[in-house]
*Asks:* 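Structure below; questions to follow.
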Amino acid sequence: GRVLKDTLKDASGSFAWVDDTTFYYVVADENLRPYRVFRHILGENPKKDRLVYEEKDKKQFLGLSHSSSEQYLFVYSAGKVTTEVWYLPVSDPLGKLECFEPRKEGIEYFVDHRAGDFWILTNWKAPNFQIMKTSLTETARRHWKPFVKNSKASLRTNILLFRDYMVVTETTAGLPQISVYEFAKKKWHSVKFKDPVYSVAPGGSVREFDTNVLRLHYSSPVQPDTVYDYDMSKRRLKQLKVQPVKGHSPSKYRCERVFVKGHDGTKVPLTLLYRKGTKRNGKAPGYLYGYGSYGASMPAGFPARRDVYRLVDRGFVYALAHPRGGEEMGRQWYLNGKFLKKKNTFKDFIACAEYLIDEKWVRPGQLATCGGSAGGMLMGAVMNMRPDLFGAVIAHVPFVDVLNTMLDKDLPLTQLEYKEWGNPAEAKFYKYIKSYSPYDNVARKTYPPLMVTCGLNDPRVTYWEPAKWVAKLRELKKGDHPIVFKTNMGAGHFGQSGRFQHLEEQAEEFAFILKTFGLVG
C-alpha cells in the first residue's frame with residue numbers, strides 16, 4: 001500500500017522474484033544491451049546489490065525467467081544462434097548460479113522443470129528442434145535423452161509443462177499447432193480449430209502449474225482476438241471472450257491460404273483476406289505486406305493493424321506474404337533466406353506480387369506494398385528489382401543502408417547482426433550484401449510512388465539511413481512520382497506510442513495509397 005524507496009537505475013525491464021524480499025534484475029549498458037544480472041533485497045541500498053552474472057560477449061543478450069514449476073530461476077544468455085542457461089533453485093535465493101550447459105556456437109536450448117527432471121527444447125542434432133530431458137544433477141549435454149525427436153514436417157517453437165501435461169507449440173505447413181501430451185496415459189492429442197488460416201498461442205494471465213486448463217489466444221484474418229480455455233482432460237474449448245471490434249462481422253469476409261510457385265519452384269505461403277463476393281476479375285486494388293527476416297513468422301491472425309479493414313471495405317484484397325527468411329515452413333525456411341541466400345526473400349515476395357496480378361486478384365498498377373524495418377529493406381530491394389510491379393510502396397523505418405551499417409561496429413546492434421546478414425569484413429559477404437542493399441542499388445529508373453517514415457530516436461534503424469536513401473532516390477529517379485518522407489521527431493522504432501497518434505499514422509499511410517490510386521479526391 002505504499003511506494004518503497006528502492007530505485008534501480010538502468011534496468012532493462014527483465015526481473016524475477018525468488019522469495020518475498022529477494023529478486024534478480026537485468027541492467028543494460030550504454031547501447032541498451034542487457035548484460036548484467038544483479039540481486040536486490042527489499043529495503044537495502046541498491047548500491048550494495050550483488051552482481052551475480054555479467055555477459056561480456058556483445059553478441060549475447062540477457063533475460064530472466066522462472067520454470068513452470070516455479071522452483072527454478074533461469075538466466076538466459078541468448079544470441080542469434082547460440083544460447084547458454086544458468087539456473088538457481090528458488091529455495092536457495094542467495095545461492096550461486098550454475099551453468100546448465102556451456103554455450104557452443106550454433107546450439108540453442110531452452111530449459112524447463114517438472115518433477116525430478118529438466119526438460120530441454122533444443123536444435124542440437126535437430127534443425128527443427130527436439131525435446132529432451134535429463135535429471136536434476138546431470139545437466140551436461142551428454143546426459144540429455146530424446147523424448148520427441150526432430151521432425152522434417154514440424155518446427156517445435158515452445159514447450160509448457162504442467163503437473164500432468166506437456167504442451168508443445170509447433171508450426172506445420174505454415175500454420176501453428178497445439179499438441180498436448182498426457183503423462184499418465186502417455187498419449188498425444190492436438191487441438192483443432194475452425195478457420196483455414198489462423199494464429200494461436202498459449203498465454204494470458206492464468207498460468208498455473210497444477211491445472212488441466214490451458215489458456216489460448218486465437219484469431220484469424222476474419223476472427224478478432226478470442227480467448228479460450230482448453231480443458232486438456234476433456235479436450236474441450238470454452239470461449240471466454242472475443243475482442244469487440246465495432247461494426248465488424250466475420251461473415252462479411254473470407255480468408256484463405258494459397259501457395260505460390262517461386263522462382264526456383266519453391267511453394268511460398270500467401271494469406272488472403274477480402275470481402276465476401278469479391279470477384280477475381282483483375283479489377284480490385286491490393287495491399288501486400290511482408291517481412292521475411294530473423295526467422296520471424298508473420299502470424300496469420302486478425303490484422304494487428306486492423307485499420308487494414310478500411311481498405312478491405314473499399315474493395316482491396318489484403319495479402320500477407322510468408323517468404324523465406326521467416327520460419328513459417330520450418331527452420332530451413334529461415335536458413336534459405338539469410339546470409340548468401342537473402343535474395344530468396346525478395347524473389348519470393350516478387351512471386352507473390354506476380355501471383356496476385358496474374359491470377360486476377362489485383363488490378364495491374366494498383367498493388368500497394370508495405371513493410372517495416374527489415375521489411376522496409378524488403379521494400380527497397382523489390383522496388384529496385386521490379387519497380388513495375390507496384391503502384392505504391394510504403395517503407396516504415398526501413399533498414400536500407402545495409403552495407404554501411406554492417407561496416408560500423410560502433411552501432412548498438414551491428415555485431416549481433418553478423419549472425420543474420422554476415423560480416424562484410426569477409427569479401428564474400430561484402431560483395432553479396434552490396435548486390436542487394438537498397439541504398440547501394442538505387443539506379444536511374446522510374447520508381448513507384450513512395451512513402452517513407454523514420455524515427456529520430458530509433459536505436460535500431462538510425463534516422464540517417466532512410467534519409468540518405470530518400471535523397472539518393474530523389475536525385476536519380478525518373479518521372480514525377482512522389483516520394484513522401486516523414487521523420488517522426490518524438491518516436492523510435494515502433495512509431496508513436498499513443499493510441500490516437502498511432503491511428504493517425506495509419507490514416508496517413510492509407511490516405512497516401514488511396515490518393516495515389518485515385519480512389520479519393
*Asks:* As a quick check of understanding, evaluate ring pair (Phe, Tyr, Trp, His ring centres under 6.0 Å) for Tyr294 and Trp421, giving each step before the final call.
*Replies:* CA-CA 9 Å; Tyr294 299 108; Trp421 316 106; 5.6 Å; yes
*Asks:* Would you say Phe38 and Leu8 make side-chain contact, with heavy atoms under 4.5 Å?
*Replies:* no
*Asks:* Looking only at the side chains, is there a donor atom on one of Tyr432 and Lys428 sitting less than 3.5 Å from an acceptor on the other?
*Replies:*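 Looking only at side-chain atoms, Lys428 and Tyr432 do not form any donor-acceptor pair under 3.5 Å.
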*Asks:* Would you say the side chain of Pro202 lies within less than 4.5 Å of the side chain of Ile178, judging by non-hydrogen atoms?
*Replies:*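 Yes, at least one pair of side-chain atoms sits under 4.5 Å.
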*Asks:* When you measure from the side chain of Lys342 to the backbone of Gly337, do you find a donor-acceptor pair of N or O atoms at a distance under 3.5 Å?
*Replies:*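 Yes; at least one donor-acceptor contact below 3.5 Å.
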*Asks:* Please walk me through it: do Asn212 and Asp164 pass side chain to side chain contact (heavy atoms under 4.5 Å, CB included)?
*Replies:* CA-CA 8 Å; Asn212 62 346; Asp164 299 320; over 6 Å; no
*Asks:* Any heavy-atom pair between the side chains of Gln506 and Arg310 that's under 4.5 Å?
*Replies:* no
*Asks:* So which pairs with a foot in residues 44-54 pass salt bridge (charged side-chain N to carboxylate O under 4.0 Å, His left out), sequence neighbours left out?
*Replies:* Arg36-Glu54
*Asks:* Side chains of Ser67 and Ser69: donor-acceptor distance under 3.5 Å anywhere?
*Replies:* yes
*Asks:* What residues form a side chain to side chain donor-acceptor pair (under 3.5 Å) with Ser297, not counting sequence neighbours?
*Replies:*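 So Ser297 forms no side chain to side chain donor-acceptor pair (under 3.5 Å) with any residue.
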*Asks:* Find the distance between CG (Leu216) and CZ (Phe193) and round it off to the nearest 0.5 Å.
*Replies:*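 Rounded to the nearest 0.5 Å, the CG-CZ separation comes to 5.5 Å.
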*Asks:* Give every residue pair that meets the salt bridge (charged side-chain N to carboxylate O under 4.0 Å, His left out) criterion with at least one member in residues 395-408, sequence neighbours excluded.
*Replies:* Asp401-Lys468
*Asks:* After noting the C-alpha distance and the side-chain angles of Trp144 and Thr122, does the key distance pass the side chain to side chain contact (heavy atoms under 4.5 Å, CB included) rule?
*Replies:* CA-CA 10 Å; Trp144 299 358; Thr122 180; 4.1 Å; yes
*Asks:* Please tabulate, one pair per line, all N/O donor-acceptor pairs under 3.5 Å involving side-chain atoms of residues 98-106, not counting sequence neighbours.
*Replies:*
{"residue": "Glu101", "atom": "OE1", "partner": "Arg141", "partner atom": "N", "Å": "3.0"}
{"residue": "Glu101", "atom": "OE2", "partner": "Arg141", "partner atom": "NH1", "Å": "2.8"}
{"residue": "Arg103", "atom": "NE", "partner": "Glu84", "partner atom": "OE2", "Å": "3.4"}
{"residue": "Arg103", "atom": "NH1", "partner": "Glu55", "partner atom": "OE1", "Å": "3.3"}
{"residue": "Arg103", "atom": "NH1", "partner": "Glu55", "partner atom": "OE2", "Å": "3.2"}
{"residue": "Arg103", "atom": "NH2", "partner": "Tyr53", "partner atom": "OH", "Å": "3.2"}
{"residue": "Arg103", "atom": "NH2", "partner": "Glu55", "partner atom": "OE1", "Å": "2.6"}
{"residue": "Arg103", "atom": "NH2", "partner": "Glu84", "partner atom": "OE1", "Å": "2.9"}
{"residue": "Glu105", "atom": "OE1", "partner": "Thr82", "partner atom": "OG1", "Å": "3.4"}
{"residue": "Glu105", "atom": "OE2", "partner": "Lys419", "partner atom": "NZ", "Å": "2.5"}

*Asks:* Please report the interatomic distance OG(Ser68) to OH(Tyr165), rounded to the nearest 0.5 Å.
*Replies:*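 Atom-to-atom, Ser68:OG and Tyr165:OH are 15.5 Å apart.
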*Asks:* For a 4.5 angstrom cut-off between non-hydrogen side-chain atoms, does Met377 reach Pro398?
*Replies:*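 Of all side-chain heavy-atom pairs linking Pro398 with Met377, none is under 4.5 Å.
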*Asks:* Does a side-chain N-to-carboxylate-O contact under 4.0 Å join Asp210 and Arg163?
*Replies:* yes
*Asks:* Donor-acceptor pairs under 3.5 angstrom involving side-chain atoms of residues 181-189: please list them, not counting sequence neighbours.
*Replies:*
{"residue": "Glu182", "atom": "OE2", "partner": "Arg235", "partner atom": "NH2", "Å": "3.1"}
{"residue": "His189", "atom": "ND1", "partner": "Arg235", "partner atom": "NE", "Å": "3.4"}
{"residue": "His189", "atom": "NE2", "partner": "Tyr230", "partner atom": "OH", "Å": "2.8"}

*Asks:* Taking only residues at least two apart or on different chains, which pairs with a member in residues 124-134 satisfy side chain to side chain donor-acceptor pair (under 3.5 Å)?
*Replies:* none
*Asks:* Looking only at side-chain N and O atoms, does Glu505 offer a donor or acceptor that is under 3.5 Å from a partner on His396?
*Replies:* no
*Asks:* Do Ser199 and Ser219 have a side chain donor and acceptor closer than 3.5 Å?
*Replies:* no
*Asks:* Measure from the ring center of Trp119 to the ring center of Phe110 and say whether it is less than 6.0 Å.
*Replies:* no
*Asks:* Can you name the residues that form a side chain to side chain contact (heavy atoms under 4.5 Å, CB included) with Phe15, not counting sequence neighbours?
*Replies:* Trp17, Phe23, Tyr25
*Asks:* Can you confirm whether or not the ring centre of Phe429 sits under 6.0 Å from the ring centre of Phe339?
*Replies:*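 When the ring centroids of Phe429 and Phe339 are compared, they turn out to be within the sub-6.0 Å range.
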*Asks:* Do Phe61 and Val26 come within less than 4.5 Å of each other through their side chains, counting heavy atoms only?
*Replies:*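 In short, these two side chains do not touch, never coming nearer than 4.5 Å.
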*Asks:* Under the salt bridge (charged side-chain N to carboxylate O under 4.0 Å, His left out) definition, can you give me all pairs with a residue in residues 71-83, not counting sequence neighbours?
*Replies:* Lys80-Glu417
*Asks:* Does Pro127 have any side chain to side chain contact (heavy atoms under 4.5 Å, CB included) partners at least two apart in sequence or in another chain, and if so, which?
*Replies:*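 Residues passing side chain to side chain contact (heavy atoms under 4.5 Å, CB included) with Pro127: Asn150.
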*Asks:* State which residues pass side chain to side chain contact (heavy atoms under 4.5 Å, CB included) with Ala16; sequence neighbours excluded, sorted by chain then number.
*Replies:* Leu64, His66, Leu73
*Asks:* With side chain to side chain contact (heavy atoms under 4.5 Å, CB included) as the criterion, how do Arg114 and Met166 come out once you've worked through the C-alpha distance, each side chain's angles and the decisive distance to 0.1 Å?
*Replies:* CA-CA 10 Å; Arg114 174 188 173 272; Met166 175 170 61; over 6 Å; no
*Asks:* Sub-3.5 Å donor-acceptor pair from the side chain of Ser220 to the main-chain atoms of Val222, do we have one?
*Replies:* yes
*Asks:* Identify, with sequence neighbours excluded, every residue that meets side chain to side chain contact (heavy atoms under 4.5 Å, CB included) alongside Ala300.
*Replies:*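 So Ala300 forms a side chain to side chain contact (heavy atoms under 4.5 Å, CB included) with Val197, Arg257, Thr271.
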*Asks:* Tell me, which pairs form a salt bridge (charged side-chain N to carboxylate O under 4.0 Å, His left out) where one or both residues lie in residues 151-161, sequence neighbours left out?
*Replies:*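 Checked against salt bridge (charged side-chain N to carboxylate O under 4.0 Å, His left out) - neighbours excluded - the pairs reaching residues 151-161 are Arg156-Glu170.
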